Every structure is written in structure tokens, then in C-alpha cells.
Amino acid sequence: MEKIGRNEPCWCGSGRKYKQCHEAFDEKIKHFELQGHMVPERCMIKNPEQLAGIRESGLVNIAVLDYVAENIREGMTTEEIDRLVESKTRQLGGIPAPLGYEGYPKSVCTSVNHEVCHGIPSEAVVLKSGDIVNVDVSTIYKGYYSDSSRMFRIGRVDEEKSRLVRVAKECMEKGIAAVKPWTFLGDMSDAVNAHARENGCSIVIDMGGHGVGLEFHEDPFVSYVAPKGTEMLMVPGMVFTIEPMVNLGKPDIYLDDENGWTIYTEDGKPSAQWEVTVAVTEDGCEILAY
Ligand code: MF3
Ligand code: CO
């Protein structure tokens, strides 16, 4: 961390003197760093103006997913979901963040059954009764990014898959409840992982969440299998996703090397995921997108 004079303006842009603004906050972070913990860099801590921007972006993301929820049905192709997402996002003044991101060809990810994530919408994929599908929406609005996803059950879904969808949602909720400033991302992930294990499910190890807000994918990487007391210190102003991928079978996955994007479960069993964007606050967190 760069040293700042106590009477100089604070690094956060508030215009206040450092000693009256983030000095004590920085001291607290320093204390954890000296104990050997990973701590956030200043660029990961959003100021009130940035938080307001991400919050607005989140409102667009929520509205787009609400629109998907109203319209998704049996017999629809995932390509149609892509069109719903792109048109609704643009109607609300946003840009779908996935479109063109590192060459990604569509506006949304639609991951069906044993697809873990990054399913690419297609005219060839028709939603049928018994399917479970994750729709992962990300928005750029006035330059700010938000990211969230929900699961949808199509027609008559069997007991096992329904339970998986419920457990995955509960895992995300356990994670949200464990976001507290001056504790660790590992405390949050341990809460997520424990709930999956208690229900006989597994958490994907090699994929995780991420910081978000000023860019689509920012540091830190967010694991959902890390032990308590490990990973980065959470401090007010950090914004990241909680998006554990929960498998009914084993945690092993593989990448589709034909499209270069889609991840599947190795054992072919179903996978489910719910995602929120959260901001760490003084006493917990604020959900910015769901
Ligand atoms: N929301 C997804 C994630 O954070 C988006 C992946 S990048 C995309 O993992 F290009 F596939 F959209
Ligand atoms: Co994400």
C-alpha cells in the first residue's frame, strides 16, 4: 500500500483528509496482512459512487432475469432465451456483458442438466419436460458490471434434480449469510461446501466466482471449497459473486474442446448453480443482483 500523509486527501476520492477517512481502515487491513492473510488491494474496494453504479446495473440484470422467468417454457430453444436476454437488456439501456467477451458468441449462458456452466444458446437445444437449466445473465450499464443466475425447472422435474436445484440455492444462501467484514472468503466458502456435503452433493473445485463491478471478471478468484480462515480478507466495499456450482455426483468436470466454453460433469450427473452479486457492508452484505 502506498503511504499517504495524514493530512493529505484520502485515496478513496471522498475529498476528506486521510486521517479522517480510511487511515484506521488501512491500519486494520495491515494488521491482517502482517498475520500472513491475503488482503484486498485498494482497487478492489468500491467507493459509494461506484457502488451506486453497480447497484443500477444489478437492477437491469434482475429485470432481465425476471423477464426470462416470465417467458421460459417447455419447447423453447436456448437460442430464444438468448434473444429474450439481448432484447430486454438493450431495451433497458444495458449491454449483455458476455457478447464478444473473450470471443464468447452469445448474450447469455444457458446450461442444461449435466452442463455445469457456459452452455452456449443454440437453435438445436430445445427445453423439454424434466430439464433443469441455469440462465446466467451479466449486464454492462453505464460502464458498470453485474452478474447473477437462476435455475429453472422445465415441466415435470424428477425428485433428485428438484432436490439438487434446492440444495444449490441453499448453498448460495449459506454463502450470503456468511459474508461479514473482517472475516475471510474461506469462511464463506466453508459454509457453502458444508451444506453441499451434508446433502450428499459436491462443489466444483476448479471453477469459482470473482470480483465484479468495474470489469466483468476482477480479482479475487472466489473458491467455494476453501477452508475457514483462508483466502482473502473481506472488507466493506468489496464486490464479488457467490455462484457455487453444485453437482449431484462427483465434482469432476471437463471442457468442451469443440466450442471451447461449455463445462460438463465428468460422470454425466446433473449440476445446478445460483448466483448473486454482493457488496460487503459494515455489518454483512448487500445483494446487488440476483
Ligand atoms: N457469468 C459467467 C461467469 O462469471 C460468464 C462467463 S463469461 C461468458 O462465469 F463469456 F461465458 F459469458
Ligand atoms: Co460470474
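Start at 1 and go down the list; that is how both ligands and their atoms are numbered. Keep in mind that what you see is a predicted model, and the values were worked out from it rather than measured.
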Assess H210 for proximity to ligand 1: is some non-hydrogen atom of it under 4.0 Å away? yes
For E49, is the CD atom crowded, meaning more than 12 foreign heavy atoms sit under 6.0 Å from it? no
Do NZ/NE/NH1/NH2 and the carboxylate oxygens of E115 and K269 come within less than 4.0 Å? no
Does even one non-hydrogen atom of K106 get within less than 4.0 Å of ligand 1? no
Over 12 non-hydrogen atoms of neighbours within 6.0 angstrom of NZ in K30: no
Would you mind counting protein N, O or S atoms that sit less than 2.8 Å from the Co ion (ligand 2)? 4
Taking everything shown except E258 itself, do over 12 heavy atoms lie less than 6.0 Å from its CD? no
Just heavy atoms, cut-off under 4.0 Å: does C109 contact ligand 1 by side chain, backbone, both, or neither? side chain
Taking CD in E286 as the centre, count heavy atoms belonging to other residues, nucleotides or ligands within less than 6.0 Å. Is the count above 12? yes
For ligand 1, indicate whether the residue H217 contacts it via side chain, backbone, both or neither (heavy-atom separation under 4.0 Å). side chain
Please could you name the atoms of ligand 1 that S138 approaches to less than 4.0 Å, counting only its heavy atoms? 1 (N)
Those atoms of ligand 1 less than 4.0 Å from some heavy atom in W261: 8 (C), 10 (F), 11 (F)
